[in-house]
Amino acid sequence: MSRTIAGFIFMIAWSCCLVQLLKAQSTPNIIIIMADDQGWGDLSLHGNVNLSTPNIDSLAVNGVQFDRFFVDPVCSPTRAALLTGRYAVRGGVYSTSAGGERLDLDEKTLPEYFESAGYATGAFGKWHNGMQPPYHPNSRGFDEFYGFCSGHWGSYFSPMLEHNGQIIQGDGYLPDDLTNRAIDFIAQHQDKPFLVYLPFPTPHAPMQVPDDWWEKVKDRPLLNRHRNPEREDTTFTRAALAMVEDIDWNVGRLIAHLRKLHLEENTIILYLTDNGPNSWRWNGDMKGRKAKTDEGGVRSPLLIQWKGQLPVGKTIQPIASVHDLLPTLADLAGIPFDPPKPLDGKSLKSLLLEKNTHWPERLIINQWGDRISVRSQHFRLSHDGQLFDMNADPGQRKDVSHAHPEIHKTLIKAQEKFRKEVLSELNPNQKRAFAVGHPDHVFTQLPARDAIATGTIERSNRWPNCSYYTNWTNTNDSIYWDVEVLKPGLYQATLYYTCAEENTGAAFRLSANGTAIDFQISDAHNPPLEGARYDRTPRDVSYVKDWKPLKVGNLQLKRGQQRLALSAKDIPGAQGFDFRLLQLDRIETYKSP
């Protein structure tokens, strides 16, 4: 080999090494992976032999895990706490639908901090903290959003989704599709720091999973069972396990992609869940499940990998909370961080980097509705005032309040302080109108979930998320939203509907504040309900349909609060249309008189 060729090869190798060295020394990338309704016990890492999660487990093997990490009992509050570092009720989040999931606009969010620091920010999956801008993820710091804003979705197979506010069709099994989108985003932004938020919608119901994953578990013996086996639905358990194993496969694909791009060493990867398991299944003998403030309802895995920076295979014992993640990530990344409001979380950097052996005692509050539980390092006070020694009795079977009266008194005081000083900030009776026409966004979606129906019109399911309205049989009935138009103008209205052939010809009106457009349903579109094909257990959420878009006209909207209503003028058939969604796209702006 000539010296010239050898020198050329050396220069190429040195250039590659230099590029990787510069990447390793740059601001770290961040990937936050959150599963939906996966319990702490749904990992082989935690001793569950019913499933195998080697890729998720590897984050702990190659990084750190927290022994006792806590989230909220349900979806949207946990997400709000992650975004703000504050208790969810401080930000107006008290419910999972009907507007109670929306995060107050005066709360600064995690992606906003990182976007300001020069990060490319993308979210792929379930948002659940508001749909209409300025509550939409594209308004809260995410440059890119692909997924859905609702609390759950009715189908996981090529469903109706949105991409930056525009309705599109998904591509394949939803967790796989979301991972593909995240992978594409990372490839597009590999030359600058990126923040990827990947909130998977599974294993939340409906319990849908592809055949290949189901075949692996449907006959698998369940050696780990719930502490009260008679309460466990084993088919539901197997479906959840299959969905988690699919998540694990996708986590493996994500890590492999980082390695391919030589980004793994400079990427902080976090894995957690949003609440306890959504069924009675093995969860380490803990008491409680989703929506409960007991240990089993709020304990989540927290696995963090940052190769070359964090210890390997370490378990951190001090208790921590989802509120800690924002200050921790800002601290690790070294970005400007000056929260406009006091945080409830604290940076865990010293624990992660082993730079501070002293960690002061703290209390963590878990709350849902009027149930408030208090956790110290050693004890948990339940919502009804019982005290449990979590070291000696992790299953919360024996009340020890009489044996530890001073501790009991201290935690009761903390419970009451939270009720008076934090929970009192929430006013669930304050009605916030749904925003329409945010100045920075053309689109506004108004789903059936957020609407009120009158008369005989029925919701397809008692859980509003991903539901639709049907049985519109009377011209006296209507569907309406109380809205606030933020930017007046001419808006193109698109209706997503289904209608049987025999019911075509019905006439309707869309009206708001003295303006209206009339339209007729002339084209039949009557697809079957979807979902049963891949349901592994009977569902308790709504089935879905293939909804047809219909441009019904342009509506002039004036600024301010008003009622936007769909009303019927004539229903010649047995009923009108089934309604799923109204999209308003601003096409012209005018000055409100």
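FYI, the numbering just counts along the sequence from 1.
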Check your understanding: Among pairs that include at least one residue of residues 28-59, which meet ring-ring contact (aromatic ring centres under 6.0 Å, His included), considering only residues two or more places apart or in two chains?
Key ->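 Sorted result for residues 28-59: Trp40-His46.
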By side chain to side chain donor-acceptor pair (under 3.5 Å), which residues pair with [X], not counting sequence neighbours?
X      : value
Ser279 : Arg281
Glu484 : none
His408 : none

[X] and [Y] aromatic centres sub-6.0 Å:
X      : Y      : answer
His226 : Trp280 : yes
Trp481 : Phe434 : no
Phe157 : Tyr173 : yes

Practice item. Please examine the side chains of Glu162 and Cys149, heavy atoms only from C-beta on, and report whether any two atoms are closer than 4.5 Å. Key: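 Answer yes - side chains close enough.
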Practice item. Please examine the side chains of Glu245 and Trp249, heavy atoms only from C-beta on, and report whether any two atoms are closer than 4.5 Å. Key: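 Sidechains of Glu245 and Trp249: no contact.
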Consider only side-chain N and O atoms of [X] and [Y], and report whether a donor and an acceptor are under 3.5 Å apart.
X      : Y      : value
Thr109 : Arg140 : no
Asn250 : Asp176 : yes
Asp389 : Asn391 : no

Any idea which heavy atoms bring [X] and [Y] closest together, and the distance?
X      : Y      : result
His136 : Trp127 : C-NE1, 4.3 Å
Glu425 : Arg90  : OE2-NH1, 2.6 Å
Asn55  : Ile255 : O-CD1, 4.1 Å

Review point. Quick one: which of Val71, Ile32, Leu270 gives a side chain to side chain contact (heavy atoms under 4.5 Å, CB included) with Leu325?
Key: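 Per the side chain to side chain contact (heavy atoms under 4.5 Å, CB included) rule, the option paired with Leu325 is Leu270, out of Val71, Ile32, Leu270.
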Let me have the donor-acceptor pairs involving side chains of residues 334-343, under 3.5 Å, with sequence neighbours excluded, atom names and distances please.
from: Lys341; atom 1: NZ; to: Asp106; atom 2: OD1; distance (Å): 3.3
from: Lys341; atom 1: NZ; to: Asp106; atom 2: OD2; distance (Å): 3.0
from: Lys341; atom 1: NZ; to: Glu107; atom 2: OE2; distance (Å): 3.3

NZ/NE/NH1/NH2 to OD/OE distance under 4.0 Å, [X] and [Y]:
X      : Y      : value
Lys314 : Asp67  : no
Lys413 : Glu416 : no
Arg79  : Glu101 : no
Arg432 : Asp104 : yes

Flag, side chain of [X] to backbone of [Y], donor-acceptor distance under 3.5 Å:
X      : Y      : value
Tyr271 : Asp57  : no
Asn465 : Trp153 : no
Asp324 : Lys346 : yes
Asp42  : Gly39  : yes

Practice item. Applying side chain to side chain contact (heavy atoms under 4.5 Å, CB included), name anything that partners Arg227, two or more places apart in sequence or on another chain. Key: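 Result, side chain to side chain contact (heavy atoms under 4.5 Å, CB included) vs Arg227: Asp285, Lys287, Arg397.
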Check your understanding: Taking the inter-plane angle between the rings of Phe114 and Tyr119 on a 0 to 90° scale, is it parallel (under 30°), tilted (30 to 60°) or perpendicular (over 60°)?
Key ->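 Rings of Phe114 and Tyr119: perpendicular, over 60°.
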Check your understanding: What is the distance from atom OG1 of Thr234 to atom CG of Leu222, rounded to the nearest 0.5 Å?
Key ->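 The CG atom of Leu222 is 6.0 Å from OG1 of Thr234, to the nearest 0.5 Å.
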Practice item. Could you tell me the separation between the CZ atom of Arg380 and the CZ atom of Arg68, rounded to the nearest 0.5 Å? Key: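 Rounded to the nearest 0.5 Å, the CZ-CZ separation comes out at 9.0 Å.
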Practice item. Kindly indicate, with the supporting measurements, whether the criterion side-chain contact (heavy atoms from CB on, under 4.5 Å) is fulfilled by Thr273 and Met34. Key: CA-CA 5 Å; Thr273 67; Met34 179 186 287; 5.6 Å; no
